Amino acid sequence: KTIYHYLINDEINPDFEIGQMLRIMNNKISVSKPIPVEKEYGQMFIDDEYKEELILLDRVEEEIYVDLMYTYMPVDEELSYGKLLNPLMFYIMDENFDILELEFVPVEEEEVCFVFDIVMDYIEKNGIPKSIHCRNPYVREALKDSCEKLHIELTYDTFPDIQPDLKYMN
């Protein structure tokens with residue numbers, strides 16, 4: 001039997017939201033929790049001069065959702081050093097979960113810097129949102145300082161995955 005068979009027939013029900021994972025060992029499938037690991041996440045800071053520029057922007061009653069995820073679409077690019085890889089992408093969605101921004105993270109770039117730059121560019125173009133929702137700890141930490149200084153509510157929660165829509169893109 002395949003993992004798909006187990007999942008589709010409700011023979012196994014992992015709760016991915018709380019961190020359970022599927023594990024296959026010796027042709028047996030089970031649900032397990034990942035081993036807790038202390039991680040350090042990078043944080044980006046805005047200086048006072050940049051904060052003063054941003055604070056003059058209009059405040060908008062918009063809630064945005066931001067996330068990093070690997071795609072189903074393997075690519076063979078110059079930056080992948082001749083190997084197929086599934087690119088990491090960063091996206092911003094609105095309250096209706098419509099995609100507002102979608103960027104592939106260059107292999108050589110730090111994710112935290114990339115996320116920070118894209119979100120700050122978005123804010124400069126569209127104004128200061130009421131809140132930013134994220135479900136990735138790297139994204140949360142990258143935006144923590146700027147959200148505090150700009151009085152943007154930063155929430156760490158779940159929201160729909162856009163991955164199924166993207167797997168058909170070529």
Side-chain angles (χ1 to χ4, degrees), residues 7 13-22 33-73 75 79 85-170:
L7 291 171
N13 295 306
D15 188 348
F16 297 114
E17 299 297 325
I18 63 167
Q20 289 182 327
M21 298 173 58
L22 287 176
K33 289 195 174 217
I35 299 169
V37 176
E38 292 283 327
K39 288 189 177 182
E40 288 188 25
Y41 302 106
Q43 192 172 3
M44 299 296 295
F45 298 93
I46 58 174
D47 62 26
D48 290 336
E49 187 177 322
Y50 187 47
K51 175 192 165 191
E52 294 307 316
E53 288 177 33
L54 291 172
I55 216 78
L56 297 175
L57 296 171
D58 290 335
R59 292 200 161 272
V60 293
E61 285 298 312
E62 179 179 49
E63 295 185 34
I64 59 174
Y65 296 77
V66 297
D67 197 18
L68 275 171
M69 69 183 342
Y70 287 95
T71 67
Y72 289 131
M73 309 174 291
V75 295
L79 292 176
L85 77 104
N86 291 47
L88 181 62
M89 106 182 143
F90 176 71
Y91 62 90
I92 300 174
M93 298 186 300
D94 64 14
E95 301 96 340
N96 300 316
F97 303 109
D98 292 326
I99 297 171
L100 304 172
E101 299 276 337
L102 187 142
E103 298 283 338
F104 289 97
V105 181
V107 175
E108 76 282 357
E109 191 145 353
E110 284 289 325
E111 292 133 9
V112 221
C113 299
F114 188 82
V115 165
F116 179 80
D117 289 344
I118 299 295
V119 172
M120 290 302 107
D121 286 347
Y122 180 84
I123 289 173
E124 286 178 19
K125 287 188 278 189
N126 299 288
I128 300 171
K130 179 172 76 172
S131 63
I132 297 177
H133 303 270
C134 65
R135 60 181 177 188
N136 183 304
Y138 290 104
V139 173
R140 181 188 65 223
E141 289 303 311
L143 301 176
K144 193 174 183 178
D145 180 69
S146 53
C147 285
E148 285 174 10
K149 289 181 178 172
L150 298 174
H151 308 289
I152 300 170
E153 179 185 6
L154 180 62
T155 63
Y156 186 58
D157 54 18
T158 60
F159 47 85
D161 193 350
I162 67 166
Q163 190 72 46
D165 297 334
L166 292 175
K167 70 180 176 184
Y168 299 106
M169 291 172 50
N170 288 350

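For clarity, every value in this text was computed on a predicted model and none was experimentally measured.
Among residues two or more places apart in sequence or in another chain, the side chain to side chain donor-acceptor pair (under 3.5 Å) test is passed with Tyr50 by Glu124. Among residues two or more places apart in sequence or in another chain, the side-chain contact (heavy atoms from CB on, under 4.5 Å) test is passed with Asp157 by His133, Thr155, Phe159. Residues meeting the side-chain contact (heavy atoms from CB on, under 4.5 Å) test with Leu100, sequence neighbours left out: Glu62, Ile64, Ile92, Asp94, Tyr122. Taking Glu49 as the reference, Asp47, Glu53 meet the side-chain contact (heavy atoms from CB on, under 4.5 Å) condition, with sequence neighbours excluded. Remark: Glu109 engages no residue in a side chain to side chain donor-acceptor pair (under 3.5 Å) (not counting sequence neighbours).
Note that CD of Glu63 and NZ of Lys130 are 4.5 Å apart. Values are rounded to the nearest 0.5 Å. Interatomic distance, CG of Asp121 versus CG of Asn126, reported as 10.5 Å (0.5 Å rounding). Distance check: Asn136 CG to Glu141 CD gives 10.5 Å after rounding to the nearest 0.5 Å.
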For residues 145-154, which side-chain donor-acceptor pairs fall under 3.5 Å, sequence neighbours excluded?
from   : atom 1 : to     : atom 2 : distance (Å)
Asp145 : OD2    : Ile46  : N      : 3.0
Asp145 : OD2    : Lys149 : NZ     : 3.3
Ser146 : OG     : Leu143 : O      : 3.1
Lys149 : NZ     : Ile46  : O      : 2.7

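The two residues Val112 and Ala142 come nearest to each other via the heavy atoms CG1-CB, 3.1 Å.
With a 4.5 Å cut-off on side-chain heavy atoms, Met44 and Glu110 do not count as touching. Side-chain contact between Val115 and Val66: absent, with no pair of heavy atoms (C-beta onward) separated by less than 4.5 Å. Between Leu102 and Met89, the closest side-chain pair of non-hydrogen atoms falls below 4.5 Å. Put simply, the side chain of Glu111 does not reach to within 4.5 Å of the side chain of Phe90, judged on heavy atoms. Between Tyr156 and Cys134, some side-chain heavy-atom pair lies under the 4.5 Å cut-off.
Applying the salt bridge (charged side-chain N to carboxylate O under 4.0 Å, His left out) test to every pair with at least one member in residues 96-105, sequence neighbours left out, gives these pairs: Glu101-Lys125.
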